[in-house]
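These notes concern the structure reproduced below.
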Amino acid sequence: MITMENMKNKLISKKIYLGMLLASIFLTLAFATKAKAYDQKDAIPWSKNSNIICGYYKNKSAGEVVFLPEESINIGNRNYNKLDQLLNMKNVSTIIIPKGSKVLVNGSLKMTSNKTIIATGATLTFKEGASAVFAAANKSVKNVKIIGGKWRSAKSGGHTGGFFQFAFAKNIVLDGIDCNANYNGHAIELIACENVTVQNCKVAAIGKNPKDCKEEQIQIDIATKKTAPMAARYGAKYAKGQTCKNIYILNNKISGARSVGVNWYQGENGKYINKFHQNIVIKGNTMTSTTSEGLQYFNTIGGEISGNTIKTNATRTENNSSYTIGVHVAICGKAPSAMKKSTLYIQNNVIRGNRNGIYVKAYFNQAETKVLSKLGKVYIKNNKVYCKKGKKNAIVQLKNSCTSFVNSKNKCYNW
């Protein structure tokens with residue numbers, strides 16, 4: 001006799017069966033999709049072994065390629081060579097590192113022009129001593145984007161050179177990357193570069209922090225034999241004091257001995273002290289320094305420092321006290337005529353410093369009794385400035401260092 005209870009149980013059993021069947025079909029299809037992620041016609045054979053696939057075209061007409069990493073032990077050399085192949089293929093414009101992949105790379109990626117690397121959700125680890133990305137000075141690399149990803153050195157204390165290093169490069173974008181270097185290194189190093197944007201990135205120093213360390217995690221540098229030895233090795237013409245232009249550091253979280261440094265060079269008998277960067281924009285960042293300035297901003301014609309939260313915890317004394325300034329602006333040589341008409345905006349920031357919050361200094365004689373070259377127009381507006389040496393030291397312009405100086409609507413506090 002069929003009862004209502006029996007019918008109910010049979011109906012439940014059918015539902016369970018159908019559910020299990022659908023789940024089985026779904027898993028089978030998912031596995032099949034994963035097992036065959038590309039059509040054979042889209043495959044890119046590895047040049048060193050045509051039986052191994054380097055990647056496959058996601059959109060061949062657009063040059064979009066999905067890299068096929070290998071995560072087995074001791075596979076780093078193969079990943080390096082396969083990525084190197086893709087970076088040197090003319091019909092490849094975009095290389096996509098699959099989300100969730102962990103890629104060991106036994107060498108620095110030598111960047112080439114007109115390439116985009118998308119690594120969102122992936123982790124790339126580079127062997128000890130290797131940079132992550134290196135753009136050689138003699139290649140004049142241009143039109144590059146690197147988007148997302150965790151970029152790490154296999155060295156536990158972090159890389160001690162420039163982890164992302166671009167020299168004589170143009171039109172570069174680093175967007176949303178998470179990278180670090182040793183306190184004595186640089187996570188991102190820009191040497192004589194033009195039109196570079198670093199945005200939405202997490203940049204941090206790791207390892208041991210020496211008490212007198214003044215290396216920056218993002219370095220904007222001049223090209224000389226001392227400051228840029230990797231560029232100078234390509235010849236003397238790459239070490240003639242070339243500087244940076246149109247550099248935008250936007251909406252990043254940065255920490256290090258010195259978070260960001262816009263540098264000059266006094267060596268070689270002052271040969272390059274009259275070399276100046278142009279238009280450096282530091283905007284919307286959270287910047288924390290441990291043993292040097294929150295921001296060093298030297299030898300620069302025009303620019304903007306706005307909407308940042310900048311703090312240094314440096315506590316040096318006497319002759320080294322300048323390294324404890326929150327935002328340190330200075331020129332250290334004879335500025336070109338363009339400086340007179342230039343404008344630097346320092347506005348809408350929250351700044352914490354020890355000796356000074358904001359300090360502005362021109363180029364003086366050794367006794368600091370005569371100004372030899374002034375900054376242009378400097379507007380300091382709507383900032384909150386905290387200083388451990390008291391409110392009167394929060395914002396300081398040394399002895400009429402600027403052609404025009406506006407100190408307006410700032411709020412200064414003891415810290």
Side-chain angles (χ1 to χ4, degrees), residues 108 110-111 129 131 133-142 159-170 172 181-196 198 212-247 249 256-280 282 292-293 295-303 322-323 328-336 338-339 361-364 366 372-373 375:
S108 304
K110 296 177 181 65
M111 206 65 211
S131 298
V133 174
F134 178 75
N138 66 333
K139 296 297 183 181
S140 300
V141 171
K142 60 184 179 180
H159 189 64
T160 53
F163 199 44
F164 282 78
Q165 187 176 132
F166 291 88
F168 293 84
K170 293 182 178 181
I172 309 298
N182 186 268
Y183 275 94
N184 279 311
H186 314 292
I188 298 170
E189 183 175 0
L190 307 174
I191 302 161
C193 289
E194 185 174 338
N195 302 333
V196 178
V198 179
D212 59 349
C213 186
K214 52 184 184 287
E215 299 296 342
E216 47 275 319
Q217 282 300 294
I218 297 182
Q219 183 184 62
I220 300 166
D221 216 350
I222 180 173
T224 71
K225 289 186 290 185
K226 177 70 174 180
T227 59
M230 293 292 283
R233 72 180 184 179
Y234 292 99
K237 66 179 180 178
Y238 297 108
K240 291 187 174 181
Q242 296 93 328
T243 54
C244 291
K245 181 179 180 180
N246 299 334
I247 309 296
I249 310 299
R258 178 191 283 145
S259 55
V260 177
V262 186
N263 289 327
W264 69 297
Y265 181 53
Q266 63 179 332
E268 298 183 44
N269 297 315
K271 186 177 180 180
Y272 302 111
I273 63 171
N274 299 330
K275 299 291 185 178
F276 281 70
H277 307 286
Q278 296 180 55
N279 188 38
I280 309 298
I282 315 292
S292 193
E293 299 106 319
L295 168 64
Q296 179 199 45
Y297 195 94
F298 281 20
N299 278 24
T300 299
I301 301 171
S322 64
Y323 292 116
H328 191 178
V329 177
I331 57 174
C332 304
K334 186 176 180 181
M339 179 63 84
K361 180 181 177 180
Y363 178 48
F364 283 78
Q366 190 171 7
L372 302 176
S373 188
L375 286 143

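As the structure is a computational prediction, the values presented were derived from the model and not from experiment.
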Taking only residues at least two apart or on different chains, which pairs with a member in residues 257-270 satisfy salt bridge (Lys or Arg N to Asp or Glu O under 4.0 Å)?
Glu216-Arg258, Arg258-Glu293
Using ring pair (Phe, Tyr, Trp, His ring centres under 6.0 Å) as the criterion, list what pairs up with Phe134, not counting sequence neighbours.
none
Atom pair SG (Cys193) and CD1 (Ile172), whose distance is rounded to the nearest 0.5 Å:
7.0 Å
Which heavy-atom pair separates Lys214 from Ser292 by the least distance, and what is that distance?
CB-OG, 3.6 Å
Parallel, tilted or perpendicular: rings of Tyr238 and Phe168 (30°, 60°)
perpendicular
Donor-acceptor contacts under 3.5 Å from residues 269-280 side chains, at least two apart:
residue: Tyr272; atom: OH; partner: Ala239; partner atom: O; Å: 3.3
residue: Asn274; atom: OD1; partner: Lys334; partner atom: N; Å: 2.7
residue: His277; atom: ND1; partner: Cys244; partner atom: N; Å: 3.0
residue: His277; atom: NE2; partner: Asn263; partner atom: O; Å: 2.7
residue: Asn279; atom: ND2; partner: Asn246; partner atom: OD1; Å: 3.0
residue: Asn279; atom: ND2; partner: Tyr248; partner atom: OH; Å: 3.1

Taking only distance into account, with no hydrogens and no angle test, what donor-acceptor pairs under 3.5 Å do side-chain atoms of residues 223-234 form with protein atoms, sequence neighbours excluded?
residue: Thr224; atom: OG1; partner: Lys226; partner atom: N; Å: 3.4
residue: Thr224; atom: OG1; partner: Thr227; partner atom: N; Å: 3.0
residue: Thr224; atom: OG1; partner: Thr227; partner atom: OG1; Å: 2.7
residue: Thr227; atom: OG1; partner: Ile222; partner atom: O; Å: 2.6
residue: Thr227; atom: OG1; partner: Thr224; partner atom: N; Å: 3.1

About how many Å separate CG of Asn184 and NE2 of His159, when rounded to the nearest 0.5 Å?
12.0 Å
Which residues satisfy the ring pair (Phe, Tyr, Trp, His ring centres under 6.0 Å) test with Tyr363, sequence neighbours excluded?
none
If you measure from CD on Gln165 to CG on Leu190, what distance do you get to the nearest 0.5 Å?
9.5 Å
Who passes salt bridge (charged side-chain N to carboxylate O under 4.0 Å, His left out) against Lys245, sequence neighbours left out?
none
Sequence neighbours excluded, the answer for side-chain contact (heavy atoms from CB on, under 4.5 Å) partners of Ala187 is Cys179, Ala181, Val203, Gln217
From Ile249 CD1 over to Ile218 CD1, what is the distance, rounded to the nearest 0.5 angstrom?
4.5 Å
Across all chains, not counting sequence neighbours, the side-chain contact (heavy atoms from CB on, under 4.5 Å) partners of Ala135 are Met111, Val141, Phe166
Rounded distance (nearest 0.5 Å) linking atom CD1 of Ile220 with atom OG1 of Thr300
8.0 Å
Where the side chain of Gln242 meets the backbone of Lys237, is there a donor-acceptor pair that is under 3.5 Å apart?
yes
Are Tyr323 and His328 an aromatic pair by the rule of ring centers under 6.0 Å?
no
Enter the distance from Ser373:OG to Asn299:CG here, rounded to the nearest 0.5 Å.
9.0 Å
Can you list the residues that meet the side chain to side chain donor-acceptor pair (under 3.5 Å) rule with Lys110, with sequence neighbours excluded?
Tyr80
Using modelled atom types only, decide if a donor and an acceptor are shared between the side chain of Ser131 and the backbone of Ser108 within a distance under 3.5 Å.
no
Under a 4.5 Å cut-off applied to non-hydrogen side-chain atoms, are Ile301 and Pro336 in contact?
yes
Residues Tyr297 and Gly302: closest non-hydrogen pair is OH-O, 3.5 Å
Hits for side chain to side chain donor-acceptor pair (under 3.5 Å) against Asp221, two or more places apart or cross-chain, chain-then-number order -> Gln219
